[in-house]
Protein chains: 2
Amino acid sequence: MSLSPTADKARLTRSRRGSRPSGDERELAILATAERLLADRSLSEISIDELARGAGISRPTFYFYFPSKDAVLLTLLDQVVAEADAAAFAPAHEMAGDQEKPWREAITAFFVTFRAHRAVAVAAAQARASNPEVRQLWARVMESWVQRTEEAIQAERDRGTAPSGVPARDLAVALNLMNERVMHAVFAEEQPSMREAQVVDTLLQVWLSSIYHPVALA
Amino acid sequence: MSLSPTADKARLTRSRRGSRPSGDERELAILATAERLLADRSLSEISIDELARGAGISRPTFYFYFPSKDAVLLTLLDQVVAEADAAAFAPAHEMAGDQEKPWREAITAFFVTFRAHRAVAVAAAQARASNPEVRQLWARVMESWVQRTEEAIQAERDRGTAPSGVPARDLAVALNLMNERVMHAVFAEEQPSMREAQVVDTLLQVWLSSIYHPVALA
DNA sequence: TACGGTACCAACAGCGTGTTGACATAGTCA
DNA sequence: TGACTATGTCAACACGCTGTTGGTACCGTA
């Protein structure tokens, strides 16, 4: 790393472990503290002072790195969402011979990713109500998933493998919202919810039935 | 409309015609003010002072009637839930010849009732995260609807009109959570959601497909 | 008339947020 | 080297909202 001879002079002489951590380290420390504390309590129950102390700085200094608690959560959510997006659409699941497999893989990918960051997922769902930026980020993300779902449903209908029913868009919205809500219930350990092991099978059952075997409504 | 058990606890003040409005009138005024203000803003954005002013009293006097903002919402929610419960299970929808009709009527009943009190519904969903009493009330209510759904699904399976698939309980949980989430999205005018006219048909489609035409999972 | 329950509020205490202004330290350039 | 600028840092303040205290006014009953 330190290629120049003048660089380690400065490093070795003065800046032993006693000197201040860098700004980047501080920012990461705040993020890590936030995710850690969110495992136990909601964001509104966590004060900025706690976040700051956890990162080894004072409350006013917190404002140097983030404009608010919510901004911290927004950063965390951004990371998790990017991870989920990458996981769910990485190998561009093709509708080959098997009808079930690609749907199962996509649902599983979301489930696994959000389960790994359940604290962030639950906190974000709550913050959505009060914070316009979180709401907007989540809306954008949901919208993109809904559109992919709608396109996949429409493709199946066009291929003749799925019959028509309610508009593909509405069905896609309902199914994606169901996934969001069921996963949230499981992660937040709500009453009523279901065992983690049952989540993917149950959701998949509902998706496949309503896409491939819609009933004719009166 | 004191249908609820928790709402009509012993506050049997009769209306003495004084210069001041009676306690009952004040309490109702607070409830009415709350529902009115909730149409525009979330509960956390409404101060107790506003609630008090709206009811024509001072902030400390508010505490004479309710221990907190959340208690006001809890009372409102109690009323709406009682109304929905009554509407959805009033004529004890029988599974007669028609498979679709009873499910459609139940889903429609919920939709109509909550739509009439959308502000309370949306506020309650938000308060659930932070308030244990709201959470508990909603959990109890959802649990009872899930149980009724599970029993109805199981009855259809026992009669041979619906094949087996995932456990009836898990399916009932997923379907009820979907209804909750979709209605919330519509009432809160979220992006993505759907037109109000499409809600019942879309939800019904998913319910009937997954109950009567479950696919065989791998 | 006086007593107790109901209804009411001014004022206070406490907590959390967001801001200000001053100060420290490290790198840069004259 | 010494002055300038960036980046960090924080004690102390202003503010808004919540929940409480301690006291007042009204009214039905005995």
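The basis for the numbers below is simple: all heavy atoms, side chains too, and nothing from hydrogens, waters or symmetry mates. Throughout, protein chains are lettered first and strands after them, A, B, ... in sequence-line order, and every chain is numbered starting at 1.
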Notebook entry, point to check: After noting the C-alpha distance and the side-chain angles of B/E50 and B/R41, does the key distance pass the side-chain contact (heavy atoms from CB on, under 4.5 Å) rule?
Noted result: CA-CA 12 Å; B/E50 287 178 281; B/R41 293 173 288 154; 2.8 Å; yes

Atom-pair distance ([atom1] on [X]; [atom2] on [N]), nearest Å:
X     : N      : atom1 : atom2 : result
B/E25 : C/dT6  : CD    : C1'   : 14 Å
B/F66 : C/dA7  : CZ    : C1'   : 15 Å
A/R59 : D/dC10 : CZ    : P     : 12 Å
A/Y63 : D/dA12 : OH    : P     : 18 Å
A/F62 : D/dA11 : CZ    : P     : 17 Å
A/R26 : C/dT25 : CZ    : C1'   : 13 Å

Margin query: Between B/E189 and B/S193, is there a side-chain donor-acceptor contact under 3.5 Å, judged purely by atom types and distance?
Written below: no

Item checked: Test item: side-chain donor near acceptor, A/E180 and A/W138, under 3.5 Å -> yes

Margin query: Tell me if the CD atom of B/E143 is crowded by more than 12 foreign heavy atoms within 6.0 Å.
Written below: yes

Note to self: For A/E100, is the CD atom crowded, meaning more than 12 foreign heavy atoms sit under 6.0 Å from it?
What the structure shows: yes

Compare the minimum distances between each of [options] and the side chain of [X], then state the nucleotide with the smallest one.
X     : options               : result
A/Y65 : C/dG18, D/dA11, D/dT9 : D/dT9
B/F64 : D/dT9, C/dT17, C/dA7  : C/dA7
A/I57 : D/dT9, C/dA11, C/dT6  : D/dT9
A/T61 : C/dA7, C/dA11, D/dT9  : D/dT9

Margin query: Counting only heavy atoms and a strict 4.0 angstrom limit, can you tell me which residues of residues 123-133 of chain A come near DNA chain C?
Written below: none

Item checked: Contact residues, residues 36-50 of chain A to DNA chain C [heavy atom, < 4.0 Å] -> A/S47, A/I48

Notebook entry, point to check: Do the rings of A/F187 and A/F111 sit parallel, tilted or perpendicular, given the 30° and 60° boundaries?
Noted result: parallel

Next item on the list: If D/dC13 has a Watson-Crick or G-U wobble mate with both distances under 3.5 Å, name it; if not, just say none.
Entry: C/dG18

Notebook entry, point to check: So which nucleotide does D/dA3 pair with, by the Watson-Crick or G-U wobble rule with both distances under 3.5 Å?
Noted result: C/dT28

Item checked: Where the chi angle of C/dA24 falls, syn if within 90° of 0 and anti if not -> anti

Mind listing the side-chain donor-acceptor pairs of residues 71-83 of chain A below 3.5 Å, one per line with the distance, residues two or more places apart or on another chain?
residue, atom, partner, partner atom, Å
A/T75, OG1, A/A71, O, 3.0
A/E83, OE1, A/H117, NE2, 3.2

Margin query: With heavy-atom distances below 4.5 Å as the criterion, would you say the side chains of A/M183 and A/L203 are in contact?
Written below: yes

Item checked: Side chain proximity check, B/V166 to A/Q198, heavy atoms < 4.5 angstrom -> no

